[in-house]
K.L.:
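Questions regarding the structure given below will be posed in turn.
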Amino acid sequence: MYSYIKGTLTEMEEDALVVEANGVGYHIYTTGQTFRYLPSLGEEIKVYTYLHIREDAMLLFGFLTKDELKVFKLLLGVSGIGPKGALAILSVMTTDDLRFAVLGDDAKAIAKAPGVGAKTAQRLILELKDKLSLEDAFEQKLEHVQEAAVEKAKGAKNEAVQALVALGYSSSEALKALNGIEITEETDVEDILKQALKNMAFI
């Protein structure tokens, strides 16, 4: 019914968040891993969703990436694992960790999730092993590492812009000063500022 919901993050609860889109507040259950990457309250967010319908309720589950949603759906296909169990697993393990645990027969790692016993973990491995490949696992891991590096570089750039604005420069001047500076995952905010202030002399 819903592929994703894009709107404003208005509330964060222990195991859920509320996203307001077009005047409607969507209550979305999510994982502990997702909370680590949420924007601040009041900021825009895009959540990939799964609607679970029961006799007594309609529950919405959401994730920040399509990959998390894909793995969540795979977990739901395992006998004995419902939405809450799938969330519990993805709260203690990243999708990459889960792939490697399944392919490496590491039932102990999966059984660390609340409510997931050794038998369920073993069943999960048996049922998902044919649906996952080592090649895909490494490709996804590499992709996620690259995404994390890009986000870290973006964060450093934003911090540098904020610092320059605090020093009295306008946002446009700050962005011009940062233009041409190579910013990588290892680049320190202080180094960016030093280079930017040098560039200010030529603007």
Side-chain angles (χ1 to χ4, degrees), residues 1-6 9-19 25-39 41 45-149 151-152:
M1 187 176 175
Y2 303 108
S3 292
Y4 63 83
I5 293 171
K6 189 176 183 181
L9 178 63
T10 57
E11 290 179 42
M12 283 188 270
E13 299 174 7
E14 189 179 337
D15 60 351
L17 49 95
V18 177
V19 177
Y26 295 91
H27 188 268
I28 305 168
Y29 291 97
T30 192
T31 70
Q33 294 283 346
T34 300
F35 274 95
R36 293 169 55 193
Y37 300 101
L38 288 177
L41 288 176
I45 187 173
K46 183 177 183 179
V47 184
Y48 294 95
T49 54
Y50 174 85
L51 180 64
H52 180 68
I53 300 174
R54 298 191 323 217
E55 283 184 16
D56 59 340
M58 291 172 66
L59 306 174
L60 206 53
F61 296 86
F63 309 90
L64 294 181
T65 67
K66 286 182 179 178
D67 184 51
E68 285 175 297
L69 178 59
K70 178 186 172 184
V71 173
F72 177 75
K73 287 179 179 178
L74 280 176
L75 288 170
L76 291 183
V78 176
S79 52
I81 295 182
K84 290 294 175 77
L87 275 194
I89 292 168
L90 291 177
S91 285
V92 298
M93 307 179 81
T94 64
T95 52
D96 294 327
D97 292 337
L98 181 61
R99 282 190 178 91
F100 286 113
V102 170
L103 295 167
D105 285 321
D106 191 354
K108 281 185 180 178
I110 298 168
K112 287 178 182 175
V116 178
K119 284 185 180 178
T120 303
Q122 200 60 56
R123 191 187 312 122
L124 186 155
I125 289 171
L126 286 170
E127 293 187 27
L128 291 189
K129 209 160 194 179
D130 292 340
K131 297 177 182 177
L132 300 171
S133 74
L134 201 57
E135 188 179 336
D136 284 346
F138 278 114
E139 277 182 16
Q140 288 291 344
K141 181 72 174 174
L142 181 62
E143 195 176 300
H144 293 153
V145 167
Q146 289 170 340
E147 284 172 0
E151 287 304 315
K152 192 170 180 183

K.L.:
Please round to the nearest 0.5 Å and tell me the distance separating atom OH of Tyr37 and atom OG1 of Thr31.
P.N.:
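Answer rounded to 0.5 Å: 10.0 Å.
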K.L.:
Does Tyr4, at its OH atom, have more than 12 non-hydrogen atoms belonging to other residues, nucleotides or ligands within less than 6.0 Å?
P.N.:
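Not more than 12 within 6.0 Å, no.
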K.L.:
Taking side chain as C-beta onward, heavy atoms only, is Leu64 less than 4.5 Å from Leu38?
P.N.:
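Yes. Closest side-chain heavy atoms under 4.5 Å.
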K.L.:
Tell me if a side-chain donor or acceptor on Thr30 pairs with a main-chain N or O of Gly62 at a distance below 3.5 Å.
P.N.:
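It does hold such a pair.
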K.L.:
Do Leu126 and Val78 come within less than 4.5 Å of each other through their side chains, counting heavy atoms only?
P.N.:
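Counting from C-beta outward, Leu126 and Val78 never come under 4.5 Å.
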K.L.:
Would you give the length of the straight line joining atom CD1 of Ile5 to atom OG1 of Thr49, rounded to the nearest 0.5 angstrom?
P.N.:
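If we round to the nearest 0.5 Å, Ile5:CD1 and Thr49:OG1 are 5.0 Å apart.
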K.L.:
Would you indicate whether the side-chain heavy atoms of Glu11 and Leu17 approach each other to under 4.5 Å?
P.N.:
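When only atoms from C-beta onward are counted, Glu11 and Leu17 do not touch, as no gap falls below 4.5 Å.
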K.L.:
Look up atom CD1 in Ile45 and atom CG in Leu9, then write down how far apart they are to the nearest 0.5 Å.
P.N.:
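Ile45 atom CD1 to Leu9 atom CG measures 5.0 Å (nearest 0.5 Å).
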K.L.:
For the residue pair Leu59 and Ile53, establish whether any side-chain heavy-atom pair is separated by less than 4.5 Å.
P.N.:
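The answer is no; the side chains never approach within 4.5 Å.
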K.L.:
Look up atom CZ in Arg123 and atom CD1 in Ile125, then write down how far apart they are to the nearest 0.5 Å.
P.N.:
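Those atoms lie 12.0 Å apart.
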K.L.:
List the atom pairs, with distances to 0.1 Å, where a side-chain N or O of residues 79-92 and a protein N or O form a donor-acceptor pair under 3.5 Å, not counting sequence neighbours.
P.N.:
from	atom 1	to	atom 2	distance (Å)
Ser79	OG	Glu127	OE2	2.8
Ser91	OG	Gly32	N	2.9
Ser91	OG	Leu87	O	2.9

K.L.:
Quick one: ring-ring contact (aromatic ring centres under 6.0 Å, His included) partners of His27, sequence neighbours excluded?
P.N.:
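Partners of His27 by the ring-ring contact (aromatic ring centres under 6.0 Å, His included) criterion, ordered by chain and then number, come out as Tyr29.
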K.L.:
Quick one: CZ on Phe63 to OG1 on Thr34, what's the gap to the nearest 0.5 Å?
P.N.:
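Separation between the atoms: 6.5 Å.
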K.L.:
Measure the shortest side-chain to side-chain distance between Val71 and Arg99 over non-hydrogen atoms and say whether it is less than 4.5 angstrom.
P.N.:
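Val71 vs Arg99: side chains touch.
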K.L.:
Run the salt bridge (Lys or Arg N to Asp or Glu O under 4.0 Å) check on Lys108 and Asp106 step by step: do they pass?
P.N.:
CA-CA 5 Å; Lys108 281 185 180 178; Asp106 191 354; over 6 Å; no
K.L.:
With a 4.5 Å heavy-atom cut-off, do Tyr26 and Val18 have their side chains touching?
P.N.:
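A side-chain contact under 4.5 Å is absent here.
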K.L.:
For the NZ atom of Lys131 and the CG atom of Leu128, what is their distance to the nearest 0.5 Å?
P.N.:
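Answer for the NZ-CG pair, Lys131 versus Leu128, is 6.0 Å.
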